[in-house]
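Everything numeric in this text was worked out from a predicted model, so none of it was measured. Numbered from 1 within each chain, the chains take letters A, B, ... in sequence-line order.
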Amino acid sequence: MDSGLILAIAPDSGERYLSTPLYSEKEAPSLHFYNTLSRSKEPFQPLKQGEAALFVDGPALHANLTLGMARRLVLADLVQRSLQFRGFTIHRLVSLIDVDDRAIAGAEAAGQDLARFTTRFREEFTEDLAALRILPGGHFPLASRHMDDMVDFTRRLLERGFAYEKLRSVYFDISRFKDYGRLSRLDLTKIRVGKTVDLDEYAKENPRDFTLLKRAKLGELKKGIYYTTPWGQVRPSWHLICAALALKYLGGAADFHVGGIESLFPHEENENALFTAATGKPLARFWLHSEHVLRDGRPLRETGEVTVRDLLAQGSRGEDVRYFLLSTHYRKPLTFTAESLAAAARARARFDHLLLRLSLTEGDDAPTGALEERLFQAKKEVTAALDDDLNVARALSHLFNLAAEVNADLDRGRLGKNGAAAVKSRLAELDEILGVMNPPQHMRDEAVEARLAEREEARRRRDWATADRIRDELAQAGIDVTDTPAGPRWQRR
RNA sequence: GGCGGCAUAGCCAAGAGGUAAGGCAGCGGUCUGCAAAACCGUUAUUCACCGGUUCGAAUCCGGUUGCCGCCUCCA
């Protein structure tokens with residue numbers, strides 16, 4: 001038969017059929033993201049089949065990674081992991097700003113040269129990313145090493161008439177770019193020019209134009225913080241840095257631009273104007289924005305920053321911070337308090353406890369169809385939630401429901417080691433996207449185990465004083481002991 | 001002045017026309033030498049307020065109140 005209609009009547013409303021690969025392979029790609037450009041959720045179609053390029057506005061290297069920036073990077077990581085889970089190859093680019101005003105001021109205050117000052121923060125940034133379980137790889141270019149690219153970029157704009165030089169600074173001519181304001185939805189005729197900028201510092205033809213290359217000040221010249229270009233001794237603007245890095249490393253347009261909502265205007269508007277003027281194409285198709293992290297109802301920038309490094313130093317685990325940042329939808333403000341971070345840590349630990357329990361499960365069982373279906377359903381629920389603009393909270397609620405059911409089964413002895421293994425591998429699979437779980441490590445430490453054997457011996461003698469003393473000693477050494485019917489378990493804090 | 005966002009239990013937080021997911025804390029229980037942990041059970045007649053549309057509204061429309069962000073260089 002070449003064509004025709006096949007009618008099948010399924011006894012269970014077709015649910016089994018619908019859950020088979022036969023059906024799911026034909027499903028259209030269903031990833032949806034909220035695109036700030038259109039202010040609506042849109043289905044994702046890659047520019048290049050099977051690949052996706054992500055541009056992430058990275059940090060200025062004058063201080064440690066703050067929670068706000070961490071939220072943005074965790075969002076980018078979630079996008080990356082979701083796409084990788086769907087089989088995409090990801091090209092990620094994170095810009096590192098090491099020539100900005102605050103870094104210069106910080107270096108001066110610290111009595112260090114700029115490169116040394118920023119190198120420390122770059123190294124610590126890398127460590128913090130690892131703690132947050134942000135996938136390694138991709139490009140993390142330093143602005144200061146790409147002056148040539150910025151000069152080329154500027155030249156291109158000058159040639160095309162989008163920029164002009166004035167008194168040894170180079171500015172972008174906004175009047176030449178008709179789409180200016182489209183991304184941030186700002187009506188240029190209604191903004192209050194000069195309210196937040198000291199226009200006397202600039203020699204722009206139009207106060208709304210923005211700087212590409214800014215003439216170095218006397219103090220900067222003295223310290224050697226400038227770059228020699230055909231237009232003079234200058235420093236590049238943040239906007240130019242990002243646009244030039246995107247062009248160099250991604251070649252063309254990105255699929256995603258991930259930024260913070262606070263830099264939508266002017267930075268992203270400018271970055272996009274530059275890129276579009278130079279290449280004829282917008283910088284990205286999808287513009288994703290993480291909302292603020294607040295404290296006392298105010299952005300952290302106003303109330304005092306909280307850094308990831310601080311939290312780790314205070315004893316938080318990186319995965320707890322990640323979970324905290326992830327568990328509220330990225331487009332809603334997130335209020336930081338020590339209590340809410342602790343609540344997140346306890347919630348996250350439920351998964352670790354379940355994984356530990358599963359790994360201790362003994363007993364033979366045959367895999368049951370009911371369990372397989374339940375696990376398949378969990379995967380469907382979780383991926384569907386994430387496909388809907390990265391709804392992590394909904395995805396987690398499905399996982400907690402599964403965890404409760406599995407725990408109840410374990411309580412009633414309804415799960416043997418085969419079933420336990422099936423649950424474990426499904427959780428591990430889904431955690432490839434979330435990155436918040438810790439499968440139990442089989443730790444060997446003869447000294448610890450010898451002490452535990454002593455304690456078990458004491459307990460057998462009902463010598464509780466000795467048993468408790470050993471437990472306290474191990475606790476002092478950072479080792480938590482938990483008694484279970486199968487014997488004592490221990491874990492390093 | 002312009003543009004935009006948000007208000008759901010003690011706290012955090014999903015849900016975006018079909019009758020309130022989930023987490024933390026609390027309470028009750030199981031387990032335990034004790035403790036801790038863990039696990040189980042339980043917790044909103046109601047979604048800031050007032051109107052409207054609808055058979056049906058937390059969800060749509062209008063208004064009110066409160067909070068927040070952005071409006072050209074701190075990146």
Side-chain angles (χ1 to χ4, degrees), chain A residues 36 39 57-63 69 95 97 99-103 105 143 171-172 174 180-181 184-199 201-202 204 206-211 214 237-239 241-242 260-267 269-270 291-292 294 297-299 301 323-324 327-329 331-335 337 339-350 352-354 356-357 381 385 388 391-401 403-404 406-408 410-412 459 462-465 467-468 471-472 475 480-485 489 491:
Chain A
T36 301
R39 313 283 150 136
D57 265 334
L61 297 176
H62 69 283
M69 179 59 76
S95 56
I97 315 300
V99 291
D100 78 286
D101 289 343
R102 285 181 298 182
Y171 299 100
F172 184 82
I174 276 182
Y180 194 82
S184 54
R185 306 230 166 154
L186 221 68
D187 185 344
L188 281 183
T189 62
K190 289 190 178 145
I191 65 175
R192 295 177 167 183
V193 171
K195 194 183 173 198
T196 61
V197 195
D198 180 4
L199 293 175
E201 250 197 72
Y202 301 91
K204 306 169 183 176
N206 178 331
R208 296 184 179 112
D209 292 345
F210 61 88
T211 312
K214 187 175 171 182
S237 75
W238 184 30
H239 321 308
I241 293 170
C242 289
I261 191 69
E262 68 278 5
S263 45
L264 176 58
F265 189 88
H267 176 244
E269 194 72 59
N270 292 351
E291 257 291 348
H292 289 105
L294 310 174
R298 300 269 165 190
R301 196 181 310 153
Y323 184 98
F324 171 71
S327 55
T328 294
H329 190 90
R331 285 193 285 116
K332 286 223 168 164
L334 169 64
T335 300
T337 62
E339 293 73 30
S340 56
L341 177 59
R346 277 190 291 269
R348 193 203 60 76
R350 288 178 74 90
D352 289 358
H353 295 139
L354 177 61
L356 179 63
R357 253 192 118 177
E381 289 168 341
D388 181 14
N391 196 328
V392 178
R394 202 163 86 209
L396 286 172
S397 80
H398 292 303
L399 283 175
F400 281 119
N401 283 330
V406 171
N407 270 315
L410 288 167
D411 282 352
R412 294 173 180 96
R459 292 181 73 205
R462 306 182 74 81
D463 177 359
W464 312 125
D468 291 350
R471 184 169 63 191
D472 290 345
D480 289 329
V481 177
T482 305
D483 295 322
T484 76
R489 313 280 317 167
Q491 204 167 25

Under 4.0 Å between any heavy atoms, over every strand shown, what does [X] touch: base, sugar-phosphate, or nothing? Just pick one.
X         : answer
Arg331(A) : nothing
Arg471(A) : base
Thr328(A) : sugar-phosphate
Asp209(A) : base
His267(A) : nothing
Ala404(A) : sugar-phosphate
Phe400(A) : sugar-phosphate
Ala393(A) : base
His329(A) : sugar-phosphate

[atom1] gap between [N] and [M], integer Å:
N      : M      : atom1 : result
U8(B)  : G4(B)  : C1'   : 22 Å
G62(B) : C3(B)  : P     : 15 Å
C24(B) : A14(B) : C1'   : 15 Å
A38(B) : A48(B) : C1'   : 39 Å
A13(B) : A44(B) : C1'   : 14 Å
A20(B) : G33(B) : P     : 44 Å
U19(B) : A57(B) : C1'   : 10 Å

Rounded to the Å, how far apart are [X] [atom1] and [N] [atom2]?
X         : N      : atom1 : atom2 : answer
Asp411(A) : G41(B) : CG    : C1'   : 12 Å
Lys332(A) : U8(B)  : NZ    : P     : 8 Å
Asp468(A) : A35(B) : CG    : P     : 11 Å
Leu410(A) : U30(B) : CG    : P     : 20 Å
Arg412(A) : G41(B) : CZ    : P     : 7 Å

Dot-bracket summary - RNA chain B, pairs being Watson-Crick or G-U whose distances fall under 3.5 Å, with | when paired to another strand: ((((((((.[[[..)..(...]]].(((((.......))))).....[[[[[..)....]]]]])))))))....

Look at Asn407(A) and A38(B) and indicate whether a side-chain polar atom (N or O) is within less than 4.0 Å of OP1 or OP2.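 Answer is no, no contact under 4.0 Å.
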
